[in-house]
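Here's the structure, in structure tokens; my notes come after.
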Amino acid sequence: MNISTLAKLLGVSINELRDTGTKNNIYGFYGRNTRIPYKSAEMITKLVRPDKLAKLKNDDRIYLPAQVSVSELAETIAVPVSQVIRTLMLNGVIATMNEKLDYDTASLIAGELRIEVFPEDGEDFEAISSNEVEQLIKMVEYKDTNVSKNYVLRPPVVTVMGHVDHGKTTLLDTIRSTNIVAGEAGAITQHISSYQIEYKPEDNKEYNLPKGDKGYKVTFIDTPGHAAFTAMRARGSQLADMIILMVSAVEGPKPQTIEVIERAKITKTPVIVALNKVDLPDADIEKVKTAVSAYGLVPEDWGGDTPFIPISAKTGQNVNQILDTILTYAEIYELKGEIDCQGQAVVIESHLDKQLGVVTTALVVKDKIKVGDIVRSGMSVGKIRKLTTTDNQILKEAGVGMPVVILGISEAVPIGDPIICYTSVKQANNDANIEKLAKQASKKSSNIAKSAATSENTINIIIKADVAGSLEAIKESILKIPQDHAKVIIKREEVGAVNDGDIEYAQTTDSTILVFHTDVPSKQEQLLKNRKINYVQSDIIYELLEWVEEQILANIKHEIKEVEIGKAEILATFKSEKAHIQIFGGKCISGKLEVGKEFKAMRGTQDLGKLELIQMQKSKIEAKEVYDPQEFGMSIKGKNKVQVGDILVCFDEIMVK
Ligand code: GDP
């Protein structure tokens, strides 16, 4: 419960509550917390306004006031400040920690972080409808430090998605007429990339769309097909205006097909279904169409609004129809990009090149970016040294909707992060400092959280990967592995080859280094061996995930469980000559007693402990097994003496996780 809500309910000031709370050591009142547990609210109400106790609701909802600062919002919803700032940025709002947000913006940001919030009691603002939410999203998107109301038509941004092997790469190849299928590790496209084509419709149809020398511009974002890359695919579909969903007309929809459909529904991205591989004899267009429509995409020719286009990505059959449909959609949607404002691009890919340094592929989303621009991404400020198309053609500048490769950004930037252009280095540095402060603040809080964690089994890892995309995909996949038996802590995650610093850090933090698609130089390899530091290197993401799973499984504590086989009642005991040897007669009352199994005696609920069977006899003849209701004689070894009436239990011991 919010302290301010409680103060209003009780008719006292927040300060009075804090003072009373602190004096009486009531949890939640010291420090600057804005939320307190219900129990604390109840305790303080008993002290300051016991008459209002009945009014106190055991309400665990999160309430926000009409105005809240970024840091207060972070604290209230228990999310690191840097994450709130980043979410704001991704929504086009550049805000510092102390900046005030109105309720609508704050609740939108909380919603983006999947946290439901409610307006505080007494505040005069109602819950907003989904229609209004959409409007607000649009408002927030265009709310910038450098607001402009000028827009230009921009090229459509399209992403090709679908189940692995359904033909994404082939389609992109055919469209681009180059071949990038060869030489992929594990035969999977590991990296997201992007390119722009200029397409001239065969029927010379005119569209009101941006045009180059050769035709209408269309930007493609290529997303990797592997399930482990869900995170990247999710981002791909948010940047894209439309999705081409590749479905093999032979195989029909598969798990990743369904995932794309679900994702598209959430992000409200239009889908064009390409029924691929129609050149193959066992392609069944109608069957696959029916199967796909079961997930809510209804074909246009059945009265729905999703185009289903039978194609062969391999032979090129009907591929032009896909491009024509993209242009038709782009025209209908009147896709626009903001101009006359701070230029902004969103990172699609970023990696460290030995010769070139950090190479960043990004999609321009606002105004334009130019060679020589001062740019900031997160905490790093740089200057654009070189700008090229993804086909390596030199550019001076690039406008909205254009994918570009940038040199000059000093650090590898996570996918989806904005790159913002500045006219002054001072302003860029200022904003970078704000990011830094926010990050430090969140680090502090996450350190506190970490030290409070009680999990004793931890697996510390350092991830090194070739590009930011894979790094993110590995991280997201690791975090998805159930960690009930051991907690995986990612101590460091970085793009680039393994270096001495990583090795030092692995040693001090007792971490294993996971190396994906990048080098362990021979000097470092030797160092790792000398220091006996574990590292796992692979170009296949699943091998790394498997290693993590194995480590988690290895942490499972095995418990020994008893499985009862049979029971007997002890009917008579006999004197024995030898110490610790006991002889008795009994009757099997359930199951069976078997030589070689475990035995113990029970007196009522008291466990008398294990007994070692020496011999079992049935009708005075040695027996291996005795069944209910047979009688038997037995000699056993055991410290505790059994007596008439005790129950003998025969059981197996099994290991359970
Ligand atoms: P991705 O995993 O979705 O990128 O799939 P690929 O583009 O790598 O294609 C997987 C396999 O299907 C490759 O062997 C392609 O040659 C083949 N393929 C893709 N499209 C077609 C098509 O239209 N017809 C036929 N016959 N094979 C295709």
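We count ligands from 1, going down the list as the structure has it; atoms in each ligand are counted the same way. FYI, side chains are in, hydrogens and waters are out, and symmetry mates aren't considered; it's all heavy atoms of this structure.
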Any donor-acceptor N/O pair, Ser410 side chain to Gly382 backbone, under 3.5 Å: no

Distance filter under 4.0 Å to Asp279 heavy atoms, resulting ligand 1 atoms: 22 (C), 23 (O), 24 (N), 25 (C), 26 (N)

Geometric cation-pi criterion, Arg176 with Phe220: 6.0 Å, 45°: no

Gap between atom CD1 of Ile384 and atom NZ of Lys370 - 0.5 Å precision: 8.5 Å

Atoms of ligand 1 close to Lys168 [distance to a heavy atom under 4.0 angstrom, numbered from 1]: 1 (P), 2 (O), 3 (O), 4 (O), 5 (O), 7 (O)

Under 4.0 Å to a heavy atom of Ala313 - the qualifying atoms of ligand 1, by number: 20 (N), 23 (O)

Ligand 1 atoms in contact with Asp165 (distance to a heavy atom under 4.0 Å): 1 (P), 2 (O), 3 (O), 5 (O), 10 (C), 12 (O)

Residues Lys464, Asp502: salt bridge by 4.0 Å N-O rule: yes

Reference residue Thr512; test side chain to side chain contact (heavy atoms under 4.5 Å, CB included); the match among Val536, Ile533, Asn460: Val536

Proximal ligand 1 atoms for Ser312, defined as those under 4.0 Å from one of its heavy atoms: 22 (C), 23 (O), 24 (N)

Residue portion contacting ligand 1 (non-hydrogen atoms closer than 4.0 Å) for Thr169: both

The one among His166, His163, Lys277, Lys314 that brings a heavy atom closest to atom 11 (C) of ligand 1: Lys277

List the atom pairs, donor and acceptor, that lie under 3.5 Å between side-chain atoms in residues 518-525 and the rest of the protein, sequence neighbours left out.
from: Thr518; atom 1: OG1; to: Gly496; atom 2: O; distance (Å): 3.4
from: Thr518; atom 1: OG1; to: Ala497; atom 2: N; distance (Å): 3.4
from: Asp519; atom 1: OD2; to: Lys354; atom 2: NZ; distance (Å): 3.1
from: Lys523; atom 1: NZ; to: Asp500; atom 2: OD2; distance (Å): 3.0
from: Gln524; atom 1: NE2; to: Asp500; atom 2: OD1; distance (Å): 2.7

Full working for salt bridge (Lys or Arg N to Asp or Glu O under 4.0 Å) between Asp301 and Lys289: CA-CA 11 Å; Asp301 51 343; Lys289 222 165 148 179; 2.7 Å; yes

N or O contact, Val164 vs ligand 1, cut-off under 3.5 Å: no

Interfacing atoms of ligand 1 (cut-off 4.0 Å, heavy-atom, Leu280): 26 (N)

